[in-house]
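Notes to accompany the following structure.
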Amino acid sequence: MKLLFYDSEIPEFLKNIGNPFGGACVRQYAIARGLVANGCQVGILTWKGAKDYVADKDYPFELVESYQRGKGIRVLRAIY
């Protein structure tokens, strides 16, 4: 089974630079790891350049780059 989730904060969580994160990001990470452990293919939709930003491949799911983080109308970025 293939599953795709969305989380814009997961690259910063994976980089682990000491910033505090909310429970949703941590929960998404735990769910993705659990699903991979049960044989599912998991991808997390995030911003372009996230793979280069993290630069560490020690996570069991795939980061799917989709949108540019700084482009568009600032207020409407959360929608798309």
(message) Suppose the criterion is side chain to side chain donor-acceptor pair (under 3.5 Å): which pairs have a residue in residues 37-46, not counting sequence neighbours?
(response) none

(request) Return the minimal non-hydrogen interatomic distance between Ser8 and Tyr67, and the atom names on each side. (result) CB-OH, 3.3 Å

(message) Enumerate the salt bridge (Lys or Arg N to Asp or Glu O under 4.0 Å) contacts for residues 44-54, please, sequence neighbours excluded, ordered by first and then second residue.
(response) none

(request) Could you tell me which non-hydrogen atom of Val54 sits nearest to which non-hydrogen atom of Tyr59, and how far apart they are? (result) CG1-CE2, 3.9 Å

(request) Any pair with a residue in residues 4-17 that passes salt bridge (Lys or Arg N to Asp or Glu O under 4.0 Å), sequence neighbours left out, goes on the list, sorted by first then second residue, please. (result) Glu12-Arg69

(message) If I take atom CD1 from residue Ile44 and atom CZ from residue Phe13, how far apart are they, to the nearest 0.5 angstrom?
(response) 10.0 Å

(message) Test side chain to side chain contact (heavy atoms under 4.5 Å, CB included) on Phe61 and Phe5; report intermediate values, then the result.
(response) CA-CA 11 Å; Phe61 46 82; Phe5 297 101; over 6 Å; no

(request) Write down the atom of Val36, the atom of Pro60, and the distance for their closest heavy-atom approach. (result) CG1-CB, 3.7 Å

(request) Could you note down all residue pairs passing salt bridge (Lys or Arg N to Asp or Glu O under 4.0 Å) where residues 58-68 supplies at least one of them, sequence neighbours left out? (result) none

(request) Only pairs at least two apart or in different chains count here, so list each side chain to side chain donor-acceptor pair (under 3.5 Å) that has a residue in residues 20-37. (result) Tyr29-Arg33

